[in-house]
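Only one structure is covered here, and it is reproduced in the block below.
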Protein chains: 2
Amino acid sequence: MGKQMTEMLKGTLEGIVLAILSGRPAYGYEITASLRDKGFADIAEGTVYALLIRIEKRGLVDVEKVPSEKGPPRKVYSLNGQGRDHLDEFWGTWSFLTQRLEQLHDEGR
Amino acid sequence: MGKQMTEMLKGTLEGIVLAILSGRPAYGYEITASLRDKGFADIAEGTVYALLIRIEKRGLVDVEKVPSEKGPPRKVYSLNGQGRDHLDEFWGTWSFLTQRLEQLHDEGR
DNA sequence: CCCACTATTCAGTGTTACTATGTACTGGTA
DNA sequence: TACCAGTACATAGTAACACTGAATAGTGGG
């Protein structure tokens with residue numbers, strides 16, 4: 001992954017994962033695959049799992065352990081009320097940033 | 001500043017400052033004021049100065065010391081060729097991110 | 001029996017923005 | 001004179017985050 005992308009993902013990746021979970025509950029391995037599909041090809045598994053543990057500790061998601069047919073049990077994460085609030089905040093912050101940057105980009109020509 | 005914004009600025013602030021410098025050369029104190037004008041009210045001076053030193057070490061900007069009438073000499077930074085390339089890369093990475101997130105945001109309703 | 005795939009965890013690292021403080025120069029004012 | 005506000009830059013220490021690399025564990029196929 002480019003170093004620029006790595007830095008830009010800080011703070012953003014959390015929002016991305018919360019947004020994915022806002023659609024439906026999912027487990028780590030699944031989310032990693034989903035990210036790859038969405039174009040984030042080089043996000044390491046370890047990164048996603050660490051993020052999930054973080055948002056769990058903050059109380060943004062509920063967790064349920066579900067047995068898998070193909071491997072160890074899955075930890076299925078679902079967005080709760082607090083998580084939904086946090087996601088709303090995220091979109092607010094994000095749109096603020098995009099507006100400022102769009103303006104800067106337009107000024108630059 | 002919100003913690004979310006703090007994290008999201010990582011990687012982005014550098015691009016913002018480079019974009020400002022792409023318009024015209026500027027010095028730290030001036031850039032900090034410019035950021036306040038642009039809506040980034042709570043960015044600490046120390047943050048900007050540290051960033052400027054960083055991009056100087058990476059060779060993205062040229063520096064010239066210019067005496068000031070109102071205080072210590074100013075360090076005026078101007079974007080050089082390498083900085084311009086880096087800024088282009090930044091916009092590329094940024095637009096990739098915004099596209100993915102826009103899509104995610106639209107899916108979320 | 002080993003390998004590929006599924007699934008999670010964790011210690012150590014590098015980068016970044018923030019906090020808090022200090023330094024230095026000028027001009028106005030009490 | 002002494003002090004303070006404004007200008008201008010620097011830096012040590014901290015917290016947060018994504019990445020690297022590796023380990024662990026379960027299942028099924030060659």
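Chain A is the first sequence line, chain B the second, and so forth, proteins listed ahead of strands; every chain is numbered from 1. All figures in this text were calculated on a predicted structure; none of them were measured in a lab.
The distance between atom OH of B/Y29 and atom C1' of D/dA10, rounded to the nearest whole Å, is 15 Å. Atom pair A/M8:CE and C/dA17:P shows a separation of 11 Å (rounding to whole Å applied). Note: CD (B/Q4) to P (C/dC18) measures 14 Å, nearest angstrom. For the pair B/I55 CD1 and C/dA17 P, the computed distance is 11 Å after rounding to whole Å. With rounding to whole Å, A/L52 atom CG is found 9 Å from C/dT9 atom P. The distance from atom CE of B/M5 to atom P of C/dC18 is 10 Å, rounded to the nearest whole Å. Rounded to an integer number of Å, the gap from NZ of A/K57 to C1' of D/dA16 is 13 Å. Here C/dT16 presents its P atom at 13 Å from CD1 of B/I53, a figure rounded to the nearest Å.
Listed in residue order, the members of residues 61-81 of chain B having a heavy atom less than 4.0 Å from DNA chain C are B/E69, B/K70, B/G71, B/P72. Across residues 34-47 of chain A, A/E45, A/G46 each have a non-hydrogen atom less than 4.0 Å from an atom of DNA chain C (numbered order).
With hydrophobic clusters built from ILVMFWY side chains whose heavy atoms lie under 4.5 angstrom apart, B/V66 shares a cluster with B/Y27. Grouping the Ile, Leu, Val, Met, Phe, Trp and Tyr side chains by contacts below 4.5 angstrom, directly or via other members, places B/I55 with B/V63.
With salt bridges taken as basic N to acidic carboxylate O contacts below 4.0 Å, one links B/K75 and B/E56. For B/R74 and B/E30, the salt-bridge test fails: no basic side-chain N is under 4.0 Å from an acidic carboxylate O.
Formation of a donor-acceptor pair under 3.5 Å by the A/T47 side chain with backbone atoms of A/I43 is not found in this model. Between the side chain of B/E7 and the backbone N or O of B/Q4, no donor-acceptor pair lies under 3.5 Å.
A donor N or O paired with an acceptor N or O is not found under 3.5 Å between the base of D/dA16 and the side-chain atoms of A/K10. Counting atom types as modelled, A/K3 pairs no side-chain N or O with a base atom of C/dT15 as donor and acceptor under 3.5 Å.
Of the candidate nucleotides C/dA7, D/dA18, D/dA10, D/dA18 has the atom nearest to the side chain of A/L9.
The salt bridge (charged side-chain N to carboxylate O under 4.0 Å, His left out) test applied to A/D37 returns no partner, not counting sequence neighbours.
Side-chain N/O atoms of B/R54 include none lying less than 4.0 angstrom from OP1 or OP2 on C/dT15. Listed pair A/Y27 / C/dA7 meets the phosphate criterion, a side-chain N or O lying under 4.0 Å from OP1 or OP2. An OP1 or OP2 oxygen of C/dT16 is reached within less than 4.0 angstrom by a side-chain nitrogen or oxygen of B/R58. The shortest distance between the side-chain N/O atoms of A/Y49 and the OP1/OP2 oxygens of C/dT8 is below 4.0 Å.
Ring orientation note: the planes of B/H105 and A/W91 are close to parallel, at an angle under 30° on the 30°/60° scale.
Note on A/L13: only backbone sugar-phosphate atoms sit closer than 4.0 angstrom, heavy atoms only; bases stay farther off.
Side chain to side chain, B/E45 and B/T32 fail the donor-acceptor criterion of an N or O pair below 3.5 Å.
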message: Could you go through B/Y29 and B/Y49, starting from their C-alpha distance and side-chain angles, then the distance that decides it, and tell me whether this counts as ring pair (Phe, Tyr, Trp, His ring centres under 6.0 Å)?
response: CA-CA 8 Å; B/Y29 194 79; B/Y49 288 113; 7.9 Å; no
